Protein chains: 6
Amino acid sequence: MEKFYSTLFARQQAAHDMPSNVRIWEWARDVFRLMFPERNSKKLLTVEAVKATFTILENELYDLLLNSKDCIGCDHREIVQRFFENLPHIYHLMLEDAQAMLDGDPAANNLSEVIRTYPGFLAICMYRMAHQLWLDRVPLFPRILTEYAHERTGIDIHPGATIGRHFHIDHGTGLVIGETAVIGDHVKLYQGVTLGALSVDKVLAGQRRHPIIEDHVIIYAGATILGGNTRIGHHSVIGGNVWITSSVPPDTTVFHKPQIQFIHSKVDR
Amino acid sequence: MEKFYSTLFARQQAAHDMPSNVRIWEWARDVFRLMFPERNSKKLLTVEAVKATFTILENELYDLLLNSKDCIGCDHREIVQRFFENLPHIYHLMLEDAQAMLDGDPAANNLSEVIRTYPGFLAICMYRMAHQLWLDRVPLFPRILTEYAHERTGIDIHPGATIGRHFHIDHGTGLVIGETAVIGDHVKLYQGVTLGALSVDKVLAGQRRHPIIEDHVIIYAGATILGGNTRIGHHSVIGGNVWITSSVPPDTTVFHKPQIQFIHSKVDR
Amino acid sequence: MEKFYSTLFARQQAAHDMPSNVRIWEWARDVFRLMFPERNSKKLLTVEAVKATFTILENELYDLLLNSKDCIGCDHREIVQRFFENLPHIYHLMLEDAQAMLDGDPAANNLSEVIRTYPGFLAICMYRMAHQLWLDRVPLFPRILTEYAHERTGIDIHPGATIGRHFHIDHGTGLVIGETAVIGDHVKLYQGVTLGALSVDKVLAGQRRHPIIEDHVIIYAGATILGGNTRIGHHSVIGGNVWITSSVPPDTTVFHKPQIQFIHSKVDR
Amino acid sequence: MEKFYSTLFARQQAAHDMPSNVRIWEWARDVFRLMFPERNSKKLLTVEAVKATFTILENELYDLLLNSKDCIGCDHREIVQRFFENLPHIYHLMLEDAQAMLDGDPAANNLSEVIRTYPGFLAICMYRMAHQLWLDRVPLFPRILTEYAHERTGIDIHPGATIGRHFHIDHGTGLVIGETAVIGDHVKLYQGVTLGALSVDKVLAGQRRHPIIEDHVIIYAGATILGGNTRIGHHSVIGGNVWITSSVPPDTTVFHKPQIQFIHSKVDR
Amino acid sequence: MEKFYSTLFARQQAAHDMPSNVRIWEWARDVFRLMFPERNSKKLLTVEAVKATFTILENELYDLLLNSKDCIGCDHREIVQRFFENLPHIYHLMLEDAQAMLDGDPAANNLSEVIRTYPGFLAICMYRMAHQLWLDRVPLFPRILTEYAHERTGIDIHPGATIGRHFHIDHGTGLVIGETAVIGDHVKLYQGVTLGALSVDKVLAGQRRHPIIEDHVIIYAGATILGGNTRIGHHSVIGGNVWITSSVPPDTTVFHKPQIQFIHSKVDR
Amino acid sequence: MEKFYSTLFARQQAAHDMPSNVRIWEWARDVFRLMFPERNSKKLLTVEAVKATFTILENELYDLLLNSKDCIGCDHREIVQRFFENLPHIYHLMLEDAQAMLDGDPAANNLSEVIRTYPGFLAICMYRMAHQLWLDRVPLFPRILTEYAHERTGIDIHPGATIGRHFHIDHGTGLVIGETAVIGDHVKLYQGVTLGALSVDKVLAGQRRHPIIEDHVIIYAGATILGGNTRIGHHSVIGGNVWITSSVPPDTTVFHKPQIQFIHSKVDR
């Protein structure tokens, strides 16, 4: 056992003195709540208070980065500045996403319902914030943010993915979007869809391994689309549970024509 | 940026002063715990204390509704009264569900295990409470309740769905039950099952878009059943990963006869 | 209503005075954090403090067991002792798992990222701890531990399953591993894979109902493998969405050759 | 050190399994807040909710007593019942006290200010509740309640003291009222007053050791009145810093005529 | 009992919907901590973040006032503005007070020790903030602030008192400064000093009832100085336990020449 | 205002990165609770767990010291070691104090009551721990510990004071014991007693300024004893409110023979 304790102690010592996941989550959640006060934000009575809250959140991100030893070469101040300068644009994209979810789901009654209760909305918002940090090569934080959403929603979007505007997710549990996937505008994805890699050979790190989904594509529940050379053409519809590893031209409906067997099996009851 | 702040400020001002999701969740969780003290309820030593705790929870629901601006026309007092009058019946249904999960799973050892650890049990209980509020047209609350369960279990049941007695869910992650689905008694659903809509055109809002599942049906993992005209007849068994968009007569076993290819590929190791 | 209150009161009285789920989770989480300080552990400055923290966690497990009425016959002290004696070995297995996840995922950058953000890592670690308690026939605790991981990750591993070394899970949402499944070394599983039972007849409790997966098998997203007599031979690859209910010889690639229909459907836009 | 650890361990084992001070305080604080909602009580919307909250607090007291090993012979149920049956009367006394504090202090603006901010009000309320438990010979709890008030206000009233109606305390820091003191109605006490014992010989336990203060007496800051045979007659006024160890007839003003020396000491500045 | 419940229910309904004491305290504590980061403030990395934190605290005060029904006629916005415009001046006074406490106490080592551990410093700071609100006739808040300090320090300063610069309190427990007291600059007060009223007749509300203490006065422990016509001249020293009800000229040392009796009482031991 | 912000910002930057008061308190409280489990300690089931908890608390003190920039030259490890090596002795002293308080107060029923509810016990325990750190010249911590007790009890003992065995405090509010006071064994002090300095000239820092109290002395409420040359001989009794600035021989009873005036003032009622 002594050796075990020594090992763990060594690990304690070596452990990068990074901010905890919880603290990073809380920062992201607070940014999110400030933009969508329906999500339990504190009441702010003046424009100045809104602005000041952003300044506090800038301060917090700055402090998080400073305490993040992995990012020693980073120009933390610029990263913070860029993040918050881009936030109005990101916010605009989030609102478009919420609207897309409202328009695309007959069960949705209003924007407030989408913002407060749609897991897809939480997931895409966390992705959009994480992606901005990813673009600035901040290590680890982006993954922590999207994993926060994954834990709560079952929707696993890699922060490196590229996702267009008016993005719609419904239900979403089990949805996976890989690191190098590229998704156009007005795309709709349902639960259990995988945009994955054909091979997960480690030597492929850095290369494109995930598909391209063009504009106005709909992909139904459980469909699996794999490979860096796979491109789903615009305005195509991919049916549920379909398995695709090569490209699909535009304006195509692809559906699974399952071999289903029916057995009548009335038994005594 | 100033325009961004103004926009967010306007949103702050316009935001309905609704109770937070957290507060609504806590109320539902407390009702749930009172009925199933295995789930960490406070110890109550007399029948009077049980009754009093319900009165406090009535008070809380009443206060939540009063503070819920969307529900201005509601007769809050009647909604509260009906909810708690129906609770003994709902509780009875929940116990039947727990028993069904115990009976249907060889891995389950006793009712206490089901109540404490089965995600399906949490999900159906939250649905049953949410559904009662849905019937009384309470806005938003029912969705918040079922989304609470969705976040914790990956089981996404719309509060508008109609679900019969002795309902069994196993594992459950990725299960989706749509707003207008109708499910009979003694139905068993596994993980990743979708009871969804064929089309999600917004004009269909209010119409039935999801299937009917009759009594004693079993639907295995990953099966997808779509459409408002699709009816799965009683005592049918739907195999895993099956994709169904039209009705199935009673006493039918439907299974996916997959085209599977086997390639022997022994390589040097 | 009075009868309802009496029923609930009786339930209160009968309820085993068990430690709450939350307290059991916190114990497991603290053991986990002590081994992986990247997960927010308290800073410990000496080997003695590491060792002492284990002693405290031993005390807590001991107290949890003592307060767990179901386990009245248990030799609690021995259970605690065995758990902590086995922990260095379990820890070694966890590190191998983390390494396997890093090696097998081109998107992973380093071990710290895997430990902090991979849901599969949390799930396998909770399973490994729960399994040790399962082997010692501790009731309920093991299920509470794996359900803790299930709630956070969507990965549902029964504590009774047998899982080998260098286990790799990617994404993982919807993954189900049944009670009597046996998994070899160097196995990779993706999201939505089910290792389940063909039948869930209650009389099968105690018998083997779930498949055997030999060494070096890869099973892609959404594949379903069922039955206690189903054995997937070593070095086989099971494609996504495949449905298997009988054995597969070693060195075999099995893939779903879907019947997919393409319809070109260009419409006026 | 090993012996030290063993000693502490023995103490752990021997320690009565009593409810913690914090839990007892919280109970008393909740009773207090229910009667004086200005002190942060939860909002209650119906009379039934008020009543139910009392029932919950009865349940809590009952549970506290049951877990209090010292009180093994107690008829806990009767103690609880008597406490809550007497509460309306106690409440009435508290309101009279608040009114007396308002009437007696030119700086007080309204009853709400007294209830929310007067330490004397908190202290007398905690005493009145503690005294009821004292009369029922509940061990330890009464002291825990008055010490709660002592910690917050610097006012140390022994729960065994007998205090009449319309009791006024101003400022109060340092006020001490001993176990066998008897105080009439309409009495006013200021900060630093001691109603103490002349001797603290342990053999006096159980005997009257503290003074009697008759109705309408005012005792100013820092006065010390000692002894079980000391009686301050009604309508007397005891000046600040006075030291009294024998009785004072009614309608008497007692004041300290200090020997004060004045030295003019102008120095260069 | 029913009548008791109804009474409490009526009180619930009538209770002004005021912010809780706790929320008001937290605001004051946060302002205090921002000015004295030694007292556990959050780390702020830029001047902008400091400024923003003030804006948030302005927002909070504004919200507190808006929710304070007693203050319906108040121009809340102006009150907030004036409070924060005066804060730099108040801060300057606080620093002077801290310096006075450091200079006047041989046991004090540095300013940081005074700020972190001197109860007198907390008390004077809370008074200075409360007094600003008092000048603006905000009801109840000022008392809540000074009572917060009273509870923690035993120092009871009425927010209406007028206190000059370089104010020194040592130990402080039991110190009372009445509503209409006026205190000059460079005054030192020790524990148990009372600056009180000779009479507490309610008709005196609004009149001056407490003494005037001129510059450079020192008042030792336990001294009591009473009355609105009592003026302690500058550079006077008032000895411990002295009782004064009339004025003292400048440059005077007043001390208690106690009649002390010594009895030699050697007993057998 | 900008200048104010800059000033505060500079203060932020300059602020020593010290552990917060709260964290230091929690450490001391945890040590205290471990020794007196009546004060809400966690239940420990083995001697090893007791020992381990001390190791954790050693770790915490070590970490606190390491993060305490003022103590840069300290040999932290030795300080920690000495503190915990002395703890058994300190514990023994604390038990003697508790016994002295039980023996000396007719109102005390048993040791458990003293430990759980006597403010004097909390104060002397915090002093004894603080004094050990003081002897090791740890800056600031000792003051933070005794001020913690002062805030809760109104008893202000400087950590530099020297206090003998079997120390008895009753009530205690307002008690002040200065930095260089020396107190023998079997001494009893009541509320409002001051052992202070005659002069507080800053140049006296480091010199003895406070009295010596020999063994078996009793000092009643409100007595004030001042000066570094003042020595109260053994077995003396100092009466309440007495003011002493010179030495008192052994075996002497000193009491205040107050000039009290009685005025009969019967008025019409």
Side-chain angles (χ1 to χ4, degrees), chain E residues 34-41 43-51 54 84-85 87-88 91 102-110 112-113 116-119 151-154 170-174 188 190-192 220-222 239-241 255-256 258-267 269, chain F residues 1-9 11-12 15-16 18 20-22 70 139-140 143-144 147 150-151 154-156 158 160 173-176 178-179 192 194 196-197 200-207 209 222 224 226 235 237 241-244 248-259:
Chain E
L34 184 49
M35 294 189 290
F36 298 100
E38 297 90 335
R39 287 264 186 171
N40 308 338
S41 83
K43 203 171 179 188
L44 299 175
L45 303 167
T46 59
V47 177
E48 287 71 33
V50 172
K51 185 177 173 179
F54 275 116
F84 283 91
E85 275 174 12
L87 206 52
Y91 173 67
L102 174 58
D103 294 343
D105 181 4
N109 294 300
N110 51 57
S112 173
E113 185 181 336
R116 285 185 70 153
T117 72
Y118 273 53
E151 183 175 321
R152 270 150 202 75
T153 65
D170 203 2
H171 310 298
T173 317
K188 294 189 182 186
Y190 287 80
Q191 66 272 20
Y220 284 104
N241 286 9
F255 61 90
H256 188 47
Q259 292 293 95
I260 284 181
Q261 232 163 330
F262 289 78
I263 302 174
H264 192 78
S265 60
K266 185 157 195 211
V267 291
R269 283 193 294 271
Chain F
M1 290 301 275
E2 295 307 317
K3 189 160 152 268
F4 179 47
Y5 300 140
S6 301
T7 306
L8 294 187
F9 178 59
R11 170 175 276 276
Q12 281 269 350
H16 285 246
M18 278 276 294
S20 72
N21 286 7
V22 169
D70 279 343
L140 210 43
R143 278 303 294 262
I144 289 172
E147 183 53 29
H150 185 198
E151 183 174 321
I155 298 167
D156 186 356
H158 196 285
T173 317
L175 177 61
V176 172
E179 182 182 4
T194 295
V200 291
D201 196 320
K202 193 78 186 178
V203 298
L204 297 175
Q207 300 183 34
R209 310 180 301 280
T224 303
L226 304 178
H235 293 90
V237 175
N241 285 10
V242 163
W243 175 266
I244 289 176
V248 168
D251 297 298
T252 309
T253 294
V254 182
F255 61 90
H256 188 46
K257 186 150 175 284
Q259 292 292 97

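Throughout, a chain's letter reflects where its sequence line sits, starting with A, and its residues are numbered from 1. If you're wondering where the values come from, they're calculated on a predicted model, not measured in any experiment.
- Chain F forms more heavy-atom pairs under 4.5 Å with one residue of E:N109, E:D103, E:T46 than with any other, namely E:T46.
- Taken from NE2 in F:H158 to NE2 in E:H171, the straight-line distance is 8.5 Å, to the nearest 0.5 Å.
- With sequence neighbours left out, E:Y118 forms a ring pair (Phe, Tyr, Trp, His ring centres under 6.0 Å) with no residue at all.
- For E:Q191, the part lying near chain F is the side chain, with the backbone staying farther off; criterion is any non-hydrogen pair under 4.5 Å.
- Proximity to chain E is limited to the side chain of F:F4, based on heavy atoms less than 4.5 angstrom apart.
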Can you list the steps and then say if F:F9 with E:K51 is a side chain to side chain contact (heavy atoms under 4.5 Å, CB included)? CA-CA 9 Å; F:F9 178 59; E:K51 185 177 173 179; over 6 Å; no
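- The contact between F:V254 and chain E is made by backbone and side chain atoms together, counting heavy-atom distances below 4.5 Å.
- Both the backbone and the side chain of F:E151 have a heavy atom closer than 4.5 Å to some heavy atom of chain E.
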Using the rule given for side chain to side chain contact (heavy atoms under 4.5 Å, CB included), can you reason through F:L140 versus E:T117, listing the C-alpha separation, both sets of side-chain angles and the distance that settles it, and then say yes or no? CA-CA 8 Å; F:L140 210 43; E:T117 72; 4.2 Å; yes
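- Atom CE of residue E:M35 and atom CD of residue F:Q12 lie 12.5 Å apart, to the nearest 0.5 angstrom.
- Heavy-atom distances place the side chain of E:K188, and not its backbone, under 4.5 Å from chain F.
- The parts of E:A108 that come within reach of chain F are both its backbone and its side chain, each placing non-hydrogen atoms under 4.5 angstrom from that chain.
- Contacts of F:Q207 with chain E are absent, with no heavy-atom separation under 4.5 Å from either backbone or side chain.
- With a 4.5 angstrom heavy-atom cutoff, E:L45 touches chain F only via backbone atoms.
- F:H150 is linked by a ring pair (Phe, Tyr, Trp, His ring centres under 6.0 Å) to nothing, counting only residues two or more places apart in sequence or in another chain.
- Per-residue counts of heavy-atom pairs under 4.5 Å with chain F were compared for E:G192, E:A221, E:G104, E:A107; the largest is that of E:A107.
- The contact between F:V22 and chain E is made by backbone and side chain atoms together, counting heavy-atom distances below 4.5 Å.
- For F:S20 against E:R116, the heavy-atom pair with the smallest separation is C-NH2, 3.5 Å.
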With side chain to side chain contact (heavy atoms under 4.5 Å, CB included) as the test, would you mind laying out the steps for E:Y190 and F:T194 before giving the verdict? CA-CA 10 Å; E:Y190 287 80; F:T194 295; over 6 Å; no
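- For chain F, the option among E:L87, E:L34, E:D170 with the highest count of heavy-atom pairs below 4.5 Å is E:L87.
- Contact of F:N21 with chain E is made through backbone and side chain together, with heavy-atom distances under 4.5 Å.
- Side-chain atoms of E:P88 and F:K3, non-hydrogen and from C-beta on, never get closer than 4.5 Å to each other.
- From F:T224, atom OG1 reaches atom CG of E:N241 across 4.5 Å, with rounding to the nearest 0.5 Å.
- One finds the CZ atom of E:F54 at 5.0 Å from the CG atom of F:L8 (value rounded to the nearest 0.5 Å).
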